[in-house]
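Order of appearance sets the numbers: ligands from 1, and atoms from 1 within every ligand. Numbering of residues begins at 1 and proceeds along the displayed sequence.
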Amino acid sequence: MITFRKYHLAAGLIIIAICSLLSLENCFQGEKAPANASDQKLFAGSQNCVRCHRDIYEQHLQSFHHLTSAPANRQTLKGDFDSANKFYFNDHLLVAAEKKQDSFYQTAYSYGVPKLSRPFNIVVGSGKRGQTSIYWFQNYLFQLPLTYFTETNEWTISPGYSRKVDFNRSITSRCLECHSTYFQETTNKDSKADEFSKTNFILGVECEKCHGPGLEHIAFHEKNPGGKSGHAIFNPAKGSRRQSLDLCRLCHGGALSKSRPSFSFQPGDKLFDFFQQDTAKPVSEIDVHGNQYGMLAASKCFKNSEMTCLSCHDGHKNESMQAAQFYVKCETCHKSASHNTCKLTSTVSQDFLKTNCINCHMPEEASKAIMVIRKDESIPTSAHMLSHYIAVYKDISNQILSVKK
Ligand code: HEC
Ligand code: HEC
Ligand code: HEC
Ligand code: HEC
Ligand code: HEC
Ligand code: HEC
Ligand code: HEC
């Protein structure tokens, strides 16, 4: 996948790869896709769900799904714009994250002279691990060269970039399909990369991304108040196992190559009507980032039960940092009555087993896909994520047991 070239101290190798944005030839690195066939979507917007589903709406506002893309502004952007706001590519070349009144920019300086400045328009990522920002140029979207990396609280080179200043990486519709609810694609035969409408888009992974467009649902329930069951709306908990998994897998199932335009998949649809069937990789080759489905599907728990993501997760809550409480979910299947509890039950206290259930059987791993180059370092630093391959990790268990003693 994405690899990093080692940083060569020879400064001569480092170039400013700013192509003239007026001649867009060779500027694009993204794939080109045909325009979206289904532009007419009947989205109501999450703020129209609040009247009848207030509690869920309020939970949703705190969720990472809601926060995963937003207009870039003082409230949504993390990172220092005042002093620790620069990344030095070498001793005379840097990019700075800057604030001018209420607008935010990344500016490249060579020998102290500003060379190119582009705005933060949309921020991608809640900031749990990091934030990458993107900007509009005509109807194209481009990635900014610096990413805010939460683990070390600093600006770094965006993941997957080599050590050069690059404002030209175009954003594909697939990136937005995973990080937003909807973008109208306006790509045509002359487009150099995916093009989008600047007005017709919905940021955040919102209600209707998981439940389907809701205008018809709302109209029905306004006319027929007091109904007990929802009309014309998809509930993942009531769909089949495949339907439920396919929805989450759209974004948590790895890169996937599409066979139909982005944003055509709707909740309830069959994923492989829209993407090419991928061949299952061995677990050792699946990155912990972006493919929870792939890892989970390799686990015995998943293979030998009707498990879905909803066996452990809720569609709306922000559950972060509650790993110690997840043992309750394990116990829905692993309980002494069914004789399939942990092998250590007779040797370690119940309390200890419960609080470390996840640490021993779903430990954190370093991602090889989300890696950033930090200031003054040549070896990229990884973000750490929880493994969804549920298994016995002997070494990690022994480590956790030895700390206890
Ligand atoms: C005018 C009131 C009203 C509005 C507005 C409304 N809903 Fe509903 N919704 C209902 C009623 C009534 C039900 C059935 C009872 C229940 O499950 O709460 C329901 C049920 C649901 C269900 C569960 C369906 C099932 O089969 O279990 C989902 C999902 C849902 N709504 C999503 C949404 C979304 C998303 C929006 C905004 C786009 C929305 N609703 C806006 C009234 C409304
Ligand atoms: C990431 C996907 C996702 C998003 C975003 C999402 N939901 Fe859900 N929703 C689910 C899942 C999964 C279930 C079924 C599991 C459950 O009950 O928690 C569900 C269940 C529901 C239900 C029926 C069950 C209940 O608890 O009443 C309603 C109503 C609902 N969602 C409304 C909404 C509304 C309104 C929003 C936006 C404010 C929203 N959802 C956002 C995934 C999502
Ligand atoms: C449209 C794409 C999309 C869909 C569909 C989707 N997710 Fe996500 N999910 C994301 C993205 C993007 C993030 C990362 C948000 C961030 O932190 O910026 C995320 C984050 C999460 C998290 C982590 C939250 C945390 O506590 O850190 C969980 C858990 C999760 N999703 C579960 C689900 C489940 C379960 C489903 C299916 C019901 C689902 N998602 C459907 C895109 C999606
Ligand atoms: C196949 C779906 C998918 C695609 C395509 C995708 N992402 Fe993500 N991204 C995710 C999911 C899911 C997460 C969170 C969970 C994880 O890392 O596994 C995430 C996490 C992130 C995060 C960290 C958020 C945080 O604070 O934790 C950033 C930043 C990010 N993505 C940016 C991008 C950008 C920019 C693109 C396109 C150039 C992109 N992603 C393409 C699904 C996707
Ligand atoms: C939906 C039911 C279900 C849930 C929830 C569940 N498991 Fe399992 N798990 C199973 C089944 C079924 C097996 C296979 C048992 C067998 O074949 O002997 C299994 C096997 C395992 C194994 C043995 C794996 C191996 O490779 O030998 C471990 C460890 C395990 N589960 C831990 C957990 C943990 C920890 C959780 C909670 C995070 C959990 N399970 C949640 C159903 C479940
Ligand atoms: C057996 C239980 C279990 C199942 C099933 C499960 N998860 Fe998780 N997941 C967890 C636990 C525990 C965490 C850690 C909670 C935390 O600290 O945020 C987690 C965290 C996550 C995160 C955040 C990862 C991180 O390190 O930031 C994502 C994204 C996620 N799950 C997605 C999914 C998706 C998608 C599915 C279905 C393919 C799924 N999970 C199925 C238990 C489960
Ligand atoms: C200190 C680490 C640790 C903790 C905490 C822990 N386990 Fe285990 N677990 C292990 C090890 C190691 C094994 C394998 C032991 C062996 O094969 O001798 C195991 C085995 C298992 C098995 C497989 C049993 C079989 O039939 O092969 C299951 C299921 C399981 N654990 C579930 C759980 C659940 C559920 C929890 C939380 C309530 C938990 N474990 C907590 C380390 C741990």
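- Proximity annotation for atom 5 (C) of ligand 2: of E206, K209, Q59, E206 comes nearest, heavy atoms only.
- The protein atom (non-hydrogen) at minimum distance from atom 37 (C) of ligand 4 is C175 SG, 2.0 Å.
- Shown in contact with N235 at under 4.0 Å from a heavy atom are these atoms of ligand 2, numbered in order with element: 13 (C), 14 (C), 20 (C), 23 (C).
- Looking at H252 against ligand 4, only its side chain comes within 4.0 Å, counting heavy atoms.
- Looking at N340 next to ligand 7, no N or O pair under 3.5 Å apart turns up.
- For atom 25 (C) of ligand 4, the closest heavy atom belonging to the protein is R129 N, 3.2 Å.
- Atom 8 (Fe) of ligand 2 is closest to atom NE2 of H316 (considering only N, O or S atoms).
- The closest approach between H211 and ligand 2 falls below 4.0 Å for a heavy atom of the residue.
- The nearest protein atom to atom 9 (N) of ligand 4, hydrogens excluded, is given as H179 NE2, 2.9 Å; this is a heavy-atom distance.
- Contacts between C49 and ligand 2 below 4.0 angstrom, taking non-hydrogen atoms only, involve the side chain exclusively.
- For atom 16 (C) of ligand 2, the nearest protein heavy atom lies 4.0 Å away or farther.
- Here C360 fails the criterion, with no N, O or S atom under 2.8 Å of atom 8 (Fe) of ligand 7.
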